[in-house]
Amino acid sequence: MLNYITTRGLHFILIMTLISASCSQNIKTEKQNDETVTTKTVNVPVFNADSAYMFIEKQVAFGPRVPNTAAHRECGDWLVATLKGYNAVVVEQKAKLKAFDGTMLDARNIIGSYNPDSKSRILLCAHWDSRPWADHDTDENNLRKPVPGANDGASGVGVLLEIARLMSINNPGLGVDIIFFDAEDYGEPQDLQGSYEHAWALGSQHWSKNPHVPGYSARFGILLDMVGAKDAVFTQEQYSRYYAPNIVRKVWQTAERLGYGNLFVNRNSGRITDDHVYVNENLRIPTIDIIDYQDDREKGFFDHWHTIDDNMDNISKETLKGVGQTVITVVYEAA
Ligand code: AHN
Ligand code: ZN
């Protein structure tokens, strides 16, 4: 009998150990200077930069994801299938959006949700379309060619797909909505005469006025834009600081703690009109932009910005790792 109980007890301990090892969170009690302190330790998944890199390669291989092209439709279908494959609840928000020149764009915002019933939610977003015109190319023959968009577009999506993959393995314990915005980069070519209002970020303008869930809200949002270049530097962009100063602090402090302070620098930069502006203004969700931008660089953005050389050659796994590990840590620690 004694033997039997001991064996049962052992089994119980073994099973409990296995359960706690597979949990994403565990409560740890430590003794420090005669004081008992309880610290919440969160097991944050390890971001795999090779995997993120492959997600970027895959998007670029479709060709430029310019709205109203086959590459755009095919890549959109692949994004939907990939999110579903990683157990997200997917909504495709299709809309005909009018570009600055009157062109009607067949646009699609793609939303992948985790824990859709949770009240406590975080929004992660990036644009998935690519720019129709390489209007910053040095060769004038390229000015009306589309950009490959490895960094400008695919990098943010690649990082978020890797986070989706990790969330399908290890539940983050709160609601997370990944939104791939369409038609961000259809703003008028630089050399065109005339001024156009709200020509950029058409997909996020549409979604923020017509969210996929009526009354949608989130605690905060993080936009990733151009997060894969070799020499990336993420400064603290002005709209982000204005609308979401606490989130800027949280993200930059997390990066510093993880050893990515060289990538996320404590330096301010000016206003960038990007998807986060409309999420802030229309939905009042404090949303920051992690964007490779410095006021004192020639273009502000990375060297190959809006040129036909925005390809895989400039994508750095080290940069992807720094961004991905920082963002996934912020998400899992918010639970
Ligand atoms: C403008 O330069 C107007 N917007 C920058 C946002 C952007 C363009 N992100 C990617 N491409
Ligand atoms: Zn762009």
Side-chain angles (χ1 to χ4, degrees), residues 56 59-60 63-67 69 71-72 75 97 99-101 105 107 109 125-137 142-160 179-192 194-205 207-208 221-229 232-240 243 269-281 287-311 314-315 319 323:
I56 299 168
Q59 292 169 78
V60 172
R65 283 79 63 215
V66 173
T69 67
H72 180 264
C75 183
L97 302 177
F100 72 95
D101 60 354
L105 306 176
N109 293 321
C125 47
H127 78 89
W128 73 274
D129 61 307
S130 24
R131 181 152 180 77
W133 312 286
D135 52 348
H136 280 82
D137 207 282
N142 295 334
L143 297 177
R144 290 295 183 270
K145 289 181 187 164
V147 305
N151 194 26
D152 190 358
S155 67
V157 172
V159 166
L160 294 184
I179 307 193
F180 298 143
F181 289 125
D182 202 351
E184 188 279 334
D185 236 344
Y186 215 98
E188 72 281 3
Q190 210 226 13
D191 49 320
L192 213 71
S195 67
Y196 304 88
E197 284 262 16
H198 306 292
W200 303 79
L202 300 178
S204 57
Q205 290 190 57
W207 175 79
S208 61
I222 301 176
L223 170 65
L224 306 182
D225 196 3
M226 314 189 231
V227 292
V233 177
F234 305 113
T235 54
Q236 303 179 357
E237 182 270 338
Q238 191 169 343
Y239 283 119
S240 307
Y243 284 117
S269 53
R271 284 186 293 256
I272 306 295
T273 302
D274 208 342
D275 294 314
H276 69 312
V277 173
Y278 296 101
V279 178
N280 277 300
E281 289 181 354
T287 302
I288 66 159
D289 193 3
I290 298 178
I291 186 163
D292 186 2
Y293 177 80
Q294 288 173 272
D295 289 325
D296 55 6
R297 279 203 294 223
E298 198 186 329
K299 288 181 181 175
F301 303 111
F302 67 109
D303 284 347
H304 300 303
W305 183 65
H306 292 183
T307 73
I308 65 160
D309 298 320
D310 177 9
N311 55 35
N314 183 43
I315 299 296
T319 302
V323 174

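Every number for a ligand or one of its atoms is a count from 1 in the order of the listing.
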### Task
Heavy-atom distances under 4.0 Å are what count here, so tell me which part of Arg131 touches ligand 1: side chain, backbone, both or neither.
neither
### Message
Considering non-hydrogen atoms of the protein only, which is the closest contact for atom 8 (C) of ligand 1, and what is the distance?
### Response
Asp185 OD1, 3.3 Å
### Message
Regarding ligand 1, does His127 bring an N or O atom to under 3.5 Å of one of the ligand's N or O atoms?
### Response
no
#### Entry: Side-chain heavy-atom pair Met226, Asn151 within 4.5 angstrom cut-off
yes
### Task
Measuring from the Zn ion (ligand 2), name the closest N, O or S atom belonging to Asp152.
OD2
### Message
Is a donor from one side chain sitting under 3.5 angstrom from an acceptor on the other, for Asn311 and His304?
### Response
no
### Message
Within the 4.5 Å heavy-atom criterion, are Ile290 and Val227 side-chain neighbours or not?
### Response
yes
### Query
Which residue owns the protein heavy atom closest to atom 9 (N) of ligand 1, what's the atom, and how far is it?
Asp225 OD2, 2.7 Å
### Task
Give the residue and atom name of whichever protein heavy atom lies nearest to atom 7 (C) of ligand 1, and the separation in Å to one decimal.
Glu184 OE2, 3.1 Å
### Side chains of His127 and Asp129, donor plus acceptor under 3.5 Å
yes
### Message
Which label fits Trp207 and Phe181: parallel for a plane angle under 30°, tilted from 30 to 60°, or perpendicular past 60°?
### Response
tilted
### Query
What about Trp200: any of its N or O atoms under 3.5 Å from an N or O on ligand 1?
no
### Message
Suppose I only count heavy atoms of Asp152 and a 4.0 Å limit; which atoms of ligand 1 are within that range?
### Response
10 (C), 11 (N)
### Query
Is the distance from the Zn ion (ligand 2) to the nearest N/O/S atom of His306 under 2.8 Å?
yes
### Message
Just so I know, are the side chains of Pro189 and Arg144 near enough to count as touching, which here means a heavy-atom distance under 4.5 Å?
### Response
yes
### Message
Is any side-chain heavy atom of His72 closer than 4.5 Å to one of Trp128?
### Response
yes
### Query
How about His306 and Trp133: are their ring centroids closer than 6.0 Å?
no
### Task
Specify the protein heavy atom at minimum distance from atom 1 (C) of ligand 1: its residue, its atom name, and the distance to 0.1 Å.
Thr273 O, 4.2 Å
### Which N, O or S atom of Asp185 lies nearest to the Zn ion (ligand 2), by name
OD2
